[in-house]
Amino acid sequence: MLRGRSLSVTSLSGLPRWEVKELPVEELLLFEVAWEVTNKVGGIYTVIQTKAKTTADEWGDNYFLIGPYFEHNMKTQVEQCEPVNDAVRRAVDAMNKHGCQVHFGRWLIEGSPYVVLFDIGFSAWNLDRWKGDLWEACSVGIPYHDREANDMLIFGSLTAWFLKEVTDHADDKHVVAQFHEWQAGIGLILSRARKLPIATIFTTHATLLGRYLCAANIDFYNHLDKFNIDKEAGERQIYHRYCMERASVHCAHVFTTVSEITAIEAEHMLKRKPDVVTPNGLNVKKFSAVHEFQNLHAMYKARIQDFVRGHFYGHLDFDLEKTLFLFIAGRYEFSNKGADIFLESLSRLNFLLRMHKSDVTVVVFFIMPAKTNNFNVETLKGQAVRKQLWDIAHSVKEKFGKKLYDALLRGEIPDMNNILDRDDLTIMKRAIFSTQRQSLPPVTTHNMIDDSTDPILSTIRRIGLFNNRTDRVKVILHPEFLSSTSPLLPMDYEEFVRGCHLGVFPSYYEPWGYTPAECTVMGIPSVTTNLSGFGCFMQEHVADPTAYGIYIVDRRFRSPDDSCNQLTQFLYGFCKQSRRQRIIQRNRTERLSDLLDWRYLGRYYQHARHLTLSRAFPDKFHVELTSPPMTEGFKYPRPSSVPPSPSGSQASSPQSSDVEDEVEDERYDEEKEAERDRLNIKSPFALSHVPRGKKKLHGEYKN
């Protein structure tokens with residue numbers, strides 16, 4: 001039987017509440033298998049990397065990650081060492097003696113977890129034999145031309161082989177193996193087919209077919225029960241991959257997914273309802289800047305302003321102090337990431353700001369990597385012109401300061417008409433002339449290879465957002481990930497996010513959504529949707545997400561045009577906020593970061609491990625289901641001070657008065673509100689619910 005103190009754990013949204021004992025980790029070995037261990041491809045890398053410290057702290061030397069070997073990653077991210085655990089050491093030695101190349105070491109990230117890395121190319125000579133093994137196990141064949149699927153077969157076969165060697169030498173220790181996504185699924189299938197004594201978990205972060213269907217602009221979520229799954233997968237030539245994914249789901253003792261919206265999708269696409277929802281978290285310590293995040297916002301905003309000064313030279317007729325910086329970032333999936341609806345809403349926002357004669361300007365950055373030739377010459381010139389003007393201003397300032405200093409030493413008030421000579425005036429006039437340009441500021445920072453067919457640029461041409469002087473919304477496409485070594489915008493992604501005012505991620509297909517989560521822990525408000533896992537999570541745990549800087553667009557139950565109008569109103573309302581309101585909102589947003597900390601969300605993974613052990617080894621491990629199940633989770637109450645948006649306190653004009661700010665100061669008590677939120681965060685993770693008969697606080701009811 002399990003030993004230790006009791007621990008109540010519940011999955012989200014009314015899934016059953018389980019009463020379990022704390023796991024005896026000294027009697028267990030935990031393996032997490034993923035293609036993105038030390039190998040950054042997408043969001044799963046972030047999940048595993050940020051969760052590693054929490055898991056390593058809990059499991060110690062009994063926690064191992066399994067992934068593919070790539071020489072560059074091994075040299076830069078992994079410190080090689082010998083396995084301490086006897087079963088793992090003997091498994092590595094046995095495989096190396098039989099013609100494999102298995103590397104072992106510590107991954108140089110926070111927590112320093114052990115990693116086992118398989119060289120896929122070194123074992124490729126076994127491919128045909130392993131294809132036969134897979135066919136015998138589940139009757140799934142893999143085409144020879146699908147190199148990725150073939151690589152996953154080799155990886156999965158090596159994983160199953162390794163786990164067999166471990167279980168053969170594990171003595172009395174039980175093995176738990178968690179497999180992430182279909183790329184790791186073959187290892188699970190083969191392990192179960194060979195009846196290895198391991199407890200298995202399969203986690204899907206997004207279904208294969210779901211991603212393909214959403215990219216095809218299909219009304220996916222309203223037709224989930226109407227798709228002919230086999231037909232759709234076959235038409236997209238991914239039927240064998242879909243079979244691998246579905247077989248993994250049904251072979252696992254426990255099936256988990258990252259959000260409620262993906263759980264609904266998986267139930268229809270993969271024909272199994274997830275047992276546990278395991279939300280993705282972040283290592284909040286990495287992003288937290290205690291008492292400093294407002295100062296960091298001001299500092300990095302100034303650096304973005306410098307870039308804007310250069311990019312819009314000759315057209316800088318707007319006040320940078322009244323300019324808001326918005327951004328969208330991620331993979332270049334035009335529809336799935338919501339770039340289509342975002343651009344359309346920007347066109348409508350531009351109309352509203354012009355119609356109300358607003359002096360607020362919105363500069364929007366699209367940080368989405370695409371194929372490019374090089375930097376745009378006009379963009380590079382803009383930064384050179386800005387630097388030249390800065391140097392000239394400093395040169396004149398030094399001469400002016402020296403003459404002023406000498407005059408004051410003599411006890412004289414200098415004649416301002418003589419303090420600048422003719423040469424100084426000539427230099428300044430030439431500098432002014434150098435800022436003149438005949439063209440509009442470019443909408444992209446790079447030369448795009450597919451300029452004429454690029455979806456973002458094509459939409460910009462259609463809606464006419466060309467950065468004209470009269471436009472209140474300016475657009476900049478930066479088709480590369482940000483880097484501190486860039487000659488254009490020398491900032492890391494985290495610095496850039498901190499410097500912006502709002503992140504906008506109106507995704508149609510987003511199983512979780514790390515970009516708005518990262519904004520939240522850095523205290524930056526964001527826009528998400530009720531089709532993203534993050535948006536659903538916030539709707540469930542926060543009574544009034546807008547008050548905390550989380551704007552949730554309804555893309556599930558509204559038409560695209562209505563969703564676009566809702567997004568436009570969110571953006572327009574944000575533009576109408578006073579500076580004081582934005583500061584208060586950022587304070588609240590940053591306080592939500594505890595909701596996303598792995599120290600709390602890791603308990604859902606802990607619950608999945610309890611459950612899989614009880615199913616794989618029912619005689620030794622036991623989990624009891626309490627009654628009644630928890631059906632109602634805690635919500636952050638709506639703040640009672642300061643309206644969450646200016647709609648209730650301001651006129652239709654984006655202008656704000658000092659009087660309004662004074663009224664807000666009287667109603668807003670930062671320390672009192674922060675203390676209440678600190679107390680509230682304990683409730684969902686103590687995993688207790690409001691007792692019957694207890695009166696709920698204002699804002700605790702669902703909206």
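All values below were derived from every heavy atom in this structure, side-chain atoms included, with hydrogens, water molecules and symmetry-related copies excluded. Just so it is clear, the model here is predicted, and its values are computed rather than measured.
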Colleague: Just one of His268, Glu265, Arg246, Glu245 clears the side chain to side chain donor-acceptor pair (under 3.5 Å) bar with Thr207, so which one?
Modeller: Glu265
Colleague: Quick one: is the NZ or CZ of Lys337 closer than 6.0 Å to the six-membered ring centre of Tyr332, and within 45° of its axis?
Modeller: no
Colleague: Would you mind reporting whether Phe64 and Val166 have side-chain heavy atoms less than 4.5 Å apart?
Modeller: no
Colleague: I'd like to know whether the aromatic ring centres of Phe366 and Phe334 sit less than 6.0 Å apart in this structure.
Modeller: no
Colleague: Determine whether Phe162 and Phe118 make a side-chain contact, defined as any pair of heavy atoms from C-beta on separated by less than 4.5 Å.
Modeller: yes
Colleague: Give a yes/no verdict on a cation-pi contact between Arg211 and Tyr509, requiring under 6.0 Å between NZ or CZ and the six-membered ring centre and an angle within 45° of the axis.
Modeller: no
Colleague: Output yes when a side-chain donor or acceptor of Tyr508 lies under 3.5 Å from a complementary backbone atom of Phe220, and no otherwise.
Modeller: yes
Colleague: Check Asp275 with Arg272, please: is the shortest side-chain N to carboxylate O separation under 4.0 Å?
Modeller: yes
Colleague: Got Val497 and Glu518 here, is their nearest side-chain heavy-atom distance under 4.5 Å?
Modeller: no
Colleague: Check side chain to side chain donor-acceptor pair (under 3.5 Å) between Trp161 and all other residues, then give those that pass, not counting sequence neighbours.
Modeller: Glu165
Colleague: In a table with atom names and distances, give each donor-acceptor pair under 3.5 Å that connects a side chain of residues 189-197 to protein atoms at least two apart or in another chain.
Modeller:
unit_1	atom_1	unit_2	atom_2	d
Ser191	OG	Gly187	O	2.6
Arg192	NE	Cys251	O	2.7
Arg192	NH1	His253	NE2	3.0

Colleague: To check you understand the geometry: which heavy-atom pair defines the closest contact between Cys100 and Leu158, and what is its length?
Modeller: SG-CD2, 3.7 Å
